Every structure is written in C-alpha cells, then in structure tokens.
A.B. asks: 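Sending over a structure as structure tokens; questions will come in a sec.
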Amino acid sequence: MDYPKTRKEAKELGATHYYTGEPCIRGHIALRKTKGACIECVKEDWVKDNEKRSLKPKSEASKAAGRRYYERNKEVVKARANARSPEERYRHKYAYKIKNPELYKALVSVRRRKHRKATPKWITASQKLAMRELYLQAQNLTKLTGERYVVDHIVPLINEAICGLHVPWNLRVITQEENLNKSNKLLASN
Ligand SMILES: [Zn+2]
C-alpha cells in the first residue's frame with residue numbers, strides 16, 4: 001500500500017498513517033500515526049504498561065469482578081486453563097505468585113511442613129546434603145536448558161493409598177512437564 005511520506009501530506013490527504021522509511025527515535029522503521037507516534041513505539045509502550053499493570057495487586061472491586069466472571073464462565077475458564085502448555089502454565093503460576101505473595105508464603109510453609117513430616121528421624125547429615133544437591137541440580141538444569149526442572153518424589157508424600165518419604169532415594173530430578181504428566185496420571189487413577 002502507498003502511504004503519504006510526511007505528516008503534513010497525511011494531514012492534507014486526511015490519512016490516518018504515513019510512512020517516512022526513516023527510523024524513529026527508537027530505531028523502528030514503521031508506519032507513524034498522523035495524530036501520534038510510530039506504531040511500533042505505541043505497541044512497545046502498551047506491552048510495557050500492561051506488564052506493569054498485571055504485576056500490581058488488584059483492587060477489591062476488580063477481584064470481585066473477576067470472581068463474577070469466573071462464576072458465569074466456569075467451563076470456558078477451565079477449558080482455557082487445560083489447553084495451556086507447560087510453559088504457559090508456569091508463566092500464569094508465576095504471575096499469580098507475584099500478585100498473591102501472602103498466599104504463596106503460606107503454600108511454601110505447607111510444603112516445608114509436608115517435607116519435614118515425611119523426613120525420618122534417622123536421616124543423616126550427608127543424606128540431607130544429597131537432597132539439597134538434587135534441588136540445586138534442578139535449579140542449575142533450569143538455568144542451563146531454559147526448560148523448567150523440578151525435584152519429584154518418586155512415591156508421592158501424600159496420597160490416599162501410599163505415603164512416600166522425603167529421603168534421597170525417593171527423589172529424582174525431572175522436567176516440570178514430566179512432573180505435570182505424572183500428577184495428571186495420578187489424578188486420573190484416583
Ligand atoms: Zn518507534
């Protein structure tokens with residue numbers, strides 16, 4: 001498509017955009033709005049603002065609106081959640097964590113208590129160290145590969161039928177995707 005080459009020309013023609021072919025102040029070679037800025041700059045600012053907004057804690061009114069939306073559209077919301085890839089799930093979980101720090105602190109202490117309860121009294125210092133190393137290994141693999149690695153309890157700690165221990169030989173490092181598949185299978189078999 002042919003665009004006017006200057007703002008002046010665009011105004012005269014009543015066009016909404018023009019194209020100079022020159023880089024903007026941020027180096028984009030893109031269309032510019034007759035009444036505003038380069039469209040790539042506008043997009044960038046929009047994404048940045050959106051990120052900032054999504055990290056801010058929500059007001060009570062917007063939380064209530066969210067709950068009402070969920071009540072009316074439960075099936076759609078659940079279907080959308082189920083269709084997410086492991087990476088998207090992780091991103092959503094992370095955003096949720098940032099927005100609900102108190103809830104997350106509580107969840108972390110629940111997990112700690114669960115681990116403590118499942119750790120036998122006779123565990124040795126070197127066995128504890130071995131477990132610590134598995135968690136570090138998972139962190140390092142995540143950093144190195146970009147894929148998220150987690151420490152899995154081979155026999156789950158709390159399950160209807162069996163109860164595993166928090167001991168080195170019940171731990172293994174696997175990808176979060178494998179872990180999600182495992183928990184889906186456990187849910188399906190219950
Ligand atoms: Zn620009």
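In each ligand, atom 1 is the first atom listed, and ligand 1 is the first ligand listed. Everything numeric in this text was worked out from a predicted model, so none of it was measured.
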A.B. asks: Measure up the Tyr135 and His166 rings against each other and bin them: parallel (under 30°), tilted (30 to 60°), perpendicular (over 60°).
C.D. replies: tilted
A.B. asks: What protein N/O/S atoms sit under 2.8 Å from the Zn ion (ligand 1), by chain and number?
C.D. replies: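 Listed by chain and number: Cys24 SG, His28 ND1, Cys38 SG, Cys41 SG.
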A.B. asks: Considering residues at least two apart in sequence or located in another chain, which fulfil the ring pair (Phe, Tyr, Trp, His ring centres under 6.0 Å) criterion with His17?
C.D. replies: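 Partners of His17 under the ring pair (Phe, Tyr, Trp, His ring centres under 6.0 Å) test: none.
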A.B. asks: Under the salt bridge (Lys or Arg N to Asp or Glu O under 4.0 Å) test, which residues partner Lys63, sequence neighbours left out?
C.D. replies: Glu60
A.B. asks: Of the non-hydrogen atoms in Leu165 and His153, which two are nearest, and what is the gap between them?
C.D. replies: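 For Leu165 and His153, the tightest heavy-atom pair comes out as O-CD2, 3.9 Å.
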A.B. asks: Can you find a pair of side-chain heavy atoms, one from Gln127 and one from Val167, that are under 4.5 Å apart?
C.D. replies: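 No; the side chains remain at least 4.5 Å from each other.
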A.B. asks: Identify all side-chain donor-acceptor contacts of residues 68-75 below 3.5 Å with residues at least two apart in sequence or on another chain.
C.D. replies:
unit_1 : atom_1 : unit_2 : atom_2 : d
Tyr69  : OH     : Arg80  : NH2    : 3.2
Asn73  : ND2    : Tyr69  : O      : 2.8

